[in-house]
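Remarks on the structure that follows.
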Amino acid sequence: MQKQVDEGGAGGGKGLGMRLLMRLEVRMLALALIIAVTLSFLSPYFLTQNNIFNILDQSVVIGIVAIGMTFVILTGGIDLSVGSVAGLSGIVLGLALKDYPIPVAILMAVGTGAFVGLVSGVLIGYFGLAAFVVTLGMMAIGRSLAYIFSGQTAISGFPSELSSIVYTTVLGIPTNVLFLGLAYLLAWGYLTHTKGGRTIYAVGSNKEAARAAGLNTLLYSILPYVVSGALAAVAITFSVAQILSVDPLTGNLMELDAIAAVVIGGASLYGGRGTIVGTLIGVLIMVMIRNGLNLLGVSPFWQGSAIGGIIIMALLVERLVRSRSES
Amino acid sequence: MSVAHDAAAAPDRSEPILVARGVDKTFDRTRALNGASLELRAGEVHGLLGANGAGKSTLSKVISGHVVRDAGEILYKGRPLNLRSTREALEAGIAIVMQETSLAPDLTVLENIFLPELRRPGLLSYGSMRRRAGELLGRLGHEHVLPLDQEVARLSAAQRQLVEIAKALALDADLIIFDEPTASLSPSEVERLFDIMAKLREDGCALIFVSHRLEEVFTITDRVTIMREGATVAASEPTASLGQADVIRHMVGRDIGALYATPGLQDAGSEAPVVFEVEGVATPPVVRNVSFAVRRGEILGLGGLVGAGRSETAEAIFGLRHRTAGTIRVDGREVSPRKPADAVRAGIGFVAEDRRFQSIVPDLSVKENLLLAHLGAHRGFGLGYRSRQAKIDELMEALGLPAERLLDANMLNFSGGMQQKIIIARWLLLEPKVLILDEPTKGVDIGTRQAIYEILRRIAEQDVAVVVISSDFEELLGISERVVVMSDGYSIADLPSAMLDEEKLTLLAAPRTSMARNTELLTRLAQECGGAGFWVLLDEDSLICLNSVVADRTADPGFAAGEARRLQDTRITAALAARAGEGQAAGFVEEPEGLATLLVPIRTRRGHDLGWIGLTLPQGGERPDAAQVKERIEALNAEAG
C-alpha cells in the first residue's frame, strides 16, 4: 500500500480494478451456477432439456424488460411503470389486431410504450422531477388506461399467425429465445461501443461533469425511458403471442422482477455502474429460482418472500463490496 | 526544531493546551498528512502556514473533528483527544471558523449563534438567548452591527464570519481555528477581525490562524508552524524571529522565483489580435457586469476575493449558468452558449474548480475521462476514440503522464495533480481556441503546480487564449500577463501584472461595500472643495487609481478608477513627483497648467499602507488651507475605516 500511496497507485490500480470487475461478474455467474446445481440435486427434472428450454422461454419477457430497466438504472433513475406500460401496450395490441395486420398492430403497441416512456423521460430529464415519483404516477395512469381501453375484460381471439413469433424455431432454437439473445447482443454493443451508451454511463456516474464536458445529457437522460417503455411493449407482445389473449392486469408486478434482475446483476441504483451481461445473469437467476420453486412445489405465496429476500441480499452484497473497494 | 525544544524546556508561561504529534491522514491514495505536529498555548495566536495542499486545512479539520485521523496522538488540556465528530469537538471546546461557513442560511443570526443548542432537549428561551447574544457580541465589540433577527443568507461575508465567531463563543470555546478567514474580506474588515482575535487572545483563548497571506501572519500571530507536503517543517517558531524569506523557504522548500515561468514578451503580446472577448456579461445575483478581452497567446488572470463572482462568470460564459446579458466573441464571431456543448463547439474549454463534482466521472476509466469532451464533440454513432489516439499519445508525452495509466479503472485514485493534468488534457484534445481554468492548482502538490504552469505557458504559446481564475494572488501575478480584477460581480480594473503586487491586488479587489465608504469620503471632499478627489497607489513612475470622484470636470486629474497610468501621462505630474513623505507638512502643489493638488498618505490603525488620497482643484479660484484639508481627510478616513 505504501508504494501505491506514494505513486498515486502506479501499477496497482489496474490490477485491483480488473480484479474487482472480474469478481463482480464472476461472483454473479458463480451464484447462478450454485443455484442451478442445488436445484438439479433437489429436482431431477431441473436439468432436463425440456426444462432448460422452459427456463429460457420464461426468461424472454422479463429479460427484454430488464434491458430497458438497465438503461434507466444506469442513468441513476428507476422505471416503476414497466408493468403498467406492458399492460396498456398489450391492450393496444389486442385492440389493434382486430383492425390492422399483425406488424402494424405490433408497431402501434411498441409506439404506445415508447410514448409513455417519452413522457416520463421528459418529466424526469427536462423538468428534473424525481424518477421514482414520475414513474409511480405513470404506473397508475397506465393501468387505469388499460382498464378503460379494454372495457375491463380480457381480449382474445387473435389470428394464430401471431404465435409464430414464439413457436417457430431457427436451427432448433425458438424464435423468441433467439430474439432475446439478439436484443442482449445489441444492448451490449450499444452500451459499450457507442457514444450514446457511454453517455448513459457518464450521466449516471456524474451528470454535472458529463454536461460540463459538452455531452448531450438531456437526450440521454430521456432516451432510456423511451427504450424501457418500448421494450416493455415488445416483451408483452411475446407474452400475448404465447397465450393469444390479453387482459388489463397483464404485466402486473413486472417492474419488481425487472428491477430485481438488474440489481442482482450488479448495477448500482445510484447510476453509472452495471453491465448488460450482469443483467442477463440476474434474469437467469430470477427465472431459475422461480422455476425451481415451482418444481419443488413451493406455494406461490412463499415465492414472493423468496424473490424479495434475494433482492435485498443482492443490495447488501453490493454495498459491502462497494465500501470495501473504496476504502 | 530547536526553537520548539527550547520553548518546551524553558519555564513556560503556560502549559500547552493542545499537542498534536505524528498525525497521518490519507484520502484515497493522496497522503494529506504525514506525521504532522502542532503545539498550541492558551492566550496565543498561532499561525499555521503552508502552500496549497500542504495539509494545513486537513490538520485543522482533524483538530476540529471534521476529519478522523489515521494515526498519531493529540493531547488536549493534557488528556488524549479522540474526536469522532464535530459535535464532540464543540463539547470539548474546540470550534472552527471556516471560509465556507457552516451556518444555516435560512435561520436568523440569533438561531445560528445558538444552533448547537437546538439539539438539546427542552424548550428554547428566546429571551435569554437574545440577552446572551447581546453579551457575546458585546465581547466582540460589535453589539450594534448584527441584526439578530436577520436571516443569515442576507448578511455579508464579514458579518457571517462574525456569527461564526459568536457561535464559537456561545459554546465557551477555548480553542478557535480560523481557516483562511480573510479570503473574502476587505482590508478594513480584516483589521476588524484582527481586533476581535486580539481580544480573544487577551481572554485566554488559543487561536489557530490558517493563512497563506504572509503579511497578515506577521501582523497577528505570536508563533507559527509551517507545513509542507503533509508534514510539519517548522514548529512553533516565534513570529518575531522569522523573516518573510525564511517562511517562504519553509513553505516551498526551494526558491519561489523558480515556480513561475517568466511571462516573456509582454509588449509583443499586446499587439496580437483579440481572440476572446467578453462584454457586459451578467448572471444575477452574483455577476452584474463583467467585460474582458484576451489576445492570442496571452494568459489573462481573473482576480478577486472569494465571492466576487469569478467562477460564476466563467460558468456563465461556458453555458453552465443562465446569462441575462452580455456578448461573447470568439475570433470576432459572436457566440451565445446556452449549454456547455455550444461553448465547446465555439472552441471554448473550461476546467472547473471542483474536480470531483464538475469534472471527474468516477465510473468511467481514466481513458474515457480523458476522452469525455471528445465524446461530446464527436459526430457519429460510434465512439471515434481511435481517431484521437495519435493526439492522446502526444499529449500524454507532453504532460509527463505514463500512457499505461490511462487504463486505470478509477481516476479518484490519482493524486490531485494527476487528475488535473487529465482534465486539462481532456480539453487540449479538442484543440480549443479559448481555455478557461478555475483555480487550476487547487489541491495540487507543488511539483505538479509547476508542471501545470509550464503547460499553460506552452498552450498560450500555441496561440490559445488562456483565462486563469485564482484566489492565490501570487500565483495569479506569477503566471498571467494581465489581470482583470473583479469585485462584487463587476470587472473593475484591467492592469498588466507587472504593475501589480499582492497588496495592490488586495486593495483593488475590496468589496464594493467598503469602497462605497471611500466613495462617500471622496464625494464629500470633492464637493466641499470643488474639485476632484481620488485614491491612488503610487509607485516610482506609475500609479493605480483605486477610486475617483470628479465634481468639477476641469479638475480631472487624468485617470479614473481601475486605471493605471505612468506618472508623466497624468495631468498632475508635478504634484505626484513632489509628493511629501510621511510626517512632512503637506501642501498644494501647482502644475504649470494651473491645477493644484494635495496628496495625503493614508494608513490603517495598524500602520498598514493604503496608498494616497488626493484632492485636485481647478485653475485659479481659492485654495483651502492644506493642513485643514489634510486633517479632514484623515478624520474621514478614520471614520470610513
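Keep in mind that the numbers below use all heavy atoms, side chains included, and drop hydrogens, waters and symmetry copies. Every chain is numbered from 1 and lettered A, B, ... according to where its sequence line falls, protein lines coming before strand lines.
- Of all heavy-atom pairs between B/Val344 and A/Ala213, the closest is CG2-O, 4.4 Å.
- Your options are B/Arg426, B/Lys339, B/Glu368, and the one with the most heavy-atom pairs under 4.5 Å with chain A is B/Glu368.
- A/Ala209 and B/Val361 make their closest contact through CB-CG2, 4.0 Å (heavy atoms, listed as atom of the first residue, atom of the second, distance).
- Between chain A and the residues B/Gly380, B/Pro362, B/Ser365, the largest count of heavy-atom pairs under 4.5 Å involves B/Pro362.
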Candidate pair B/Tyr385 and A/Arg198, rule side chain to side chain contact (heavy atoms under 4.5 Å, CB included), full reasoning: CA-CA 12 Å; B/Tyr385 284 175; A/Arg198 300 321 288 168; 4.2 Å; yes
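- In terms of modelled atom types and a separation under 3.5 Å, the side chain of A/Asn206 and the main chain of B/Ile360 share a donor-acceptor contact.
- Contact detail for B/Phe357 and A/Glu208: the closest heavy-atom pair is O-CB, 3.5 Å.
- When every heavy atom of B/Leu383 is checked against every heavy atom of A/Thr192, the shortest pair comes out as CD1-O, 3.8 Å.
- Contact annotation: the side chain of B/Leu364 approaches that of A/Tyr201 to within less than 4.5 Å [non-hydrogen atoms, C-beta and beyond].
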Verdict with supporting geometry, A/Leu215 and B/Leu375, side chain to side chain contact (heavy atoms under 4.5 Å, CB included): CA-CA 7 Å; A/Leu215 297 178; B/Leu375 198 62; 3.8 Å; yes
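- Ranked by non-hydrogen atom pairs under 4.5 Å with chain B, the options A/Gly189, A/Gly214, A/Gly204, A/Ala202 are led by A/Gly214.
- Interface remark: A/Thr199 contributes backbone and side-chain atoms alike to the contact with chain B (heavy atom separation under 4.5 Å).
- Remark: side-chain polar atoms of A/Lys195 are paired, donor with acceptor, to backbone N or O of B/His378 under 3.5 angstrom.
- Listed options A/Gly272, A/Ala210, A/Ala212 were ranked by heavy-atom pairs under 4.5 angstrom with chain B; first place goes to A/Ala212.
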